[in-house]
Amino acid sequence: MSAHDHDHDHHHGSELSDTQLRVRALETILTQKGYIDPQAIDALIEAFETKVGPHRGAQVVARAWVDPAFKAALLEDATAAITSFGVFERASEHIIAVENTPQRHNMVVCTLCSCYPWDMLGLPPVWYKSAPYRSRAVIDPRGVLADFGLSLPDSVEIRVWDSTAETRYLVVPMRPDGTQGWSEERLAGLVTRNSMIGTGLPLRPDEVAA
Amino acid sequence: MSAHDHDHDHHHGSELSDTQLRVRALETILTQKGYIDPQAIDALIEAFETKVGPHRGAQVVARAWVDPAFKAALLEDATAAITSFGVFERASEHIIAVENTPQRHNMVVCTLCSCYPWDMLGLPPVWYKSAPYRSRAVIDPRGVLADFGLSLPDSVEIRVWDSTAETRYLVVPMRPDGTQGWSEERLAGLVTRNSMIGTGLPLRPDEVAA
Amino acid sequence: MNGVHDMGGMHGFGAVIEEKNEPVFHAPWEGRVFALNRAMGLTGLWNLDMSRNAQERLPPHVYLASSYYERWERGLEKLLLESGLVDADELAAGRALHPAKPVARKLAAADVPGLLARGSYARPAPAPARFAVGARVRAKNINPVTHTRLPRYVRGHVGVVEAIRGCHVFPDSTTTGKGDDPHWLYTVVFDGVDLWGPQSDPTVKVSVEAWEPYLQAA
Amino acid sequence: MNGVHDMGGMHGFGAVIEEKNEPVFHAPWEGRVFALNRAMGLTGLWNLDMSRNAQERLPPHVYLASSYYERWERGLEKLLLESGLVDADELAAGRALHPAKPVARKLAAADVPGLLARGSYARPAPAPARFAVGARVRAKNINPVTHTRLPRYVRGHVGVVEAIRGCHVFPDSTTTGKGDDPHWLYTVVFDGVDLWGPQSDPTVKVSVEAWEPYLQAA
């Protein structure tokens, strides 16, 4: 590949400052016209930076690992289960939990934009929103998994969920071996963001500090 | 549409000078390494600027309008007919001439790149190589014709030829009314480039100076 | 619309590269854009699909060359202009030049906790669901120039209804002035080999969420 | 490969705009790029399809944001680097730094008239043509990551063989190191309504040139 091919970064760099100017202009206009309250904007940003995130999905998964009744309810109707079992007070509608098994590995994508279960996993990482992921996840999911260093046996079905509507998918990965008797909180520490998207597995016990 | 949408031109502008530098570098390297002779490059450019062009296709079409035997041969095997009837000494292989009739209008595109009958029409115009034409010609040919100010009755079949191989299509438009007795040379003056691609019609007698 | 946003199955974009310890926002402006979009969405002048469509209508090379939040910024500009909340001369000047228009709701800091959960797109069903779980259905070959959520890569292919997800606002209608026009939503699963041909990975299955008007019995 | 170059049927690129009294080249560098490509093609180190493929492999946003001759320039750089005729440090330095490699042919000014006509891609047939004029054929659902000339918009659709165009070099093979591998070439015509759905213009027919390996009996 040519050394000249890295135009994207170059172009991207110049776009950023242009965009910064545009954002500043927009916010100024919207504030001056009274459409927005900048303090509410601050509060919204802070909430998405601090309140939501993969730790929430991890709590749901950990609960499913220790509580078979919750797991059954979660797989039946995730939104209802999360609130009725008291994991969280509130959960968005149409959350769908899908379970990995030795026979099936689930992977979530949104090819058309970047739909993602915000209130379970926070805002999506850049790779999830990127063209490489959106384009390849449905035609070459094992190739994508290889990009994440993940290789699954050929006996495993790869099930890709393209989030084309307002349903939001959460993968429930398999509980790692060697975690018998672990507390929900300790188990939650094994549940990575990628394991709930399907591009990773939970951490093994030996991968976390005791 | 936003006033900010015209980034293409902006971007394009900066790309051009970058490309100019690249071209200069390439030609220098290729010359220094002895792969090219700059005088041959000059000659090639001049030839494509002056020797080939739509006037060649127009001669072929005009001949077909006046000589039924040539027209029959042209539609059978254009490359062979053009040389054997002496229109030109040489013609590229795999030229295919397709005839417009009151029932059928032909239109040529190359969706995958920009294949075009160079030795009949010269190098293609920018619009032919553009994404708007390449993308829409096969899904909305009448919309494309409307962009050229051309509206054909619904009774006319629109036949789009996507040039996906080394065959090269030349449209033989219908001879305009009111040209009885015209010489081949005078007729050739009515045959526009676009009429041989299928995005236009030949000029009418009243559209050219007598 | 058959835009570059509909990129499922395309080649040439390269490897998926993960950033370690990625921040929620990479620069303050990203957070501002995100929050401005959320806040202005409360005006009720557009919905999520109109917002998506605004981004889809960006020039294709701009769409591809822009980052996610750059697209949100461009999309918001389009929505503000098209809804008349902001005029082009204001964007150019970088300040308000005209009186504001009335809007349904203005985000207050106290509203923020409620915005962490998503809104509901379920609506009462106008009719019973036409397809049952297990039904074989073909994704229709539609190619609207307007917004749709039926990706090109499934059109014309036959899949199986795996679940019925309720009755939802229909994106193709809301984005073309036809209101919510709710329709049943199905999870339809396709064999990878049917989608991508006999050379493709036989262990792959791909599902999409498809509204009833996208489907026909197969 | 399913790249952005395969744009038949896409929306969003806007109107076709014709430039009146358009020059052959809009700037001297365009002519240089054009001629350099033609000249270097004579080295015999790549053919037309490899040259097309070099452009198809440009990053998609670069492909779309570039003009035709800009793409030729980028494509030529790729071919020169990949064939070893030029090294990356030479491109960066803007001058030759290493000895030249032997090439099959160097364009001389006297050769120019012969270059105005295109080369031949016809080859002797290894077997009789499998399909006759009038045969119904289905374009296979193939999705190679490598170069192909079967556009996505016809894959899976049934058309009719309208003409047999001889036996030609097979692009999918020449670009993947398998030589000329000649195959029969057919003009296959499809109904627009079959390609684009019942809402589309019923007066449209679209043909592609399809090599025999792209087709199966239908």
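First the proteins, then the strands, lettered A, B, ... as listed; each starts at 1. Since the structure is predicted, the reported quantities are computational estimates derived from the model, not experimental observations. Basis for what follows: all heavy atoms, side chains included, without hydrogens, waters or symmetry-related copies.
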_For the student: nearest non-hydrogen atoms of Pro60(D) and Gly12(C), plus distance_ = CD-O, 3.3 Å

*Taking only residues at least two apart or on different chains, which pairs with a member in residues 187-201 of chain C satisfy salt bridge (charged side-chain N to carboxylate O under 4.0 Å, His left out)?*
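Listed by first then second residue: Arg142(A)-Asp201(C), Asp191(C)-Lys205(C).
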
*Checking heavy atoms, do the side chain of Arg155(D), its backbone, both or neither come under 4.5 Å from chain C?*
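It is neither, since no heavy atom gets under 4.5 Å.
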
*asked:* Suppose a student defines contact as a heavy atom less than 4.5 Å from any heavy atom of chain C. Which residues in residues 161-172 of chain D would they list?
replied: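 Within residues 161-172 of chain D, no residue comes under 4.5 Å of chain C, counting heavy atoms only.
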
*Taking atom CG of Asn141(D) and atom OG of Ser200(C), what is their separation to the nearest 0.5 Å?*
8.0 Å

*Could you give the distance from CG (Asn2(C)) to CE (Met7(D)), rounded to the nearest 0.5 Å?*
13.0 Å

*Give a yes or no answer on whether the side chain of His11(D) reaches the backbone of Gly3(C) with a donor-acceptor pair at less than 3.5 Å.*
no

*Main-chain N/O of Gly9(C) paired with Asn143(D) side-chain donor or acceptor, under 3.5 Å*: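 No; zero donor-acceptor contacts below 3.5 Å.
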
*Is the closest side-chain heavy-atom distance between Leu64(C) and Val4(D) below 4.5 Å?*
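SC-SC contact between Leu64(C) and Val4(D) confirmed.
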
*Yes or no on side-chain contact (heavy atoms from CB on, under 4.5 Å) for Met10(D) and Arg152(C), after CA distance, side-chain angles and deciding distance?*
CA-CA 10 Å; Met10(D) 284 187 69; Arg152(C) 288 183 77 182; 3.6 Å; yes

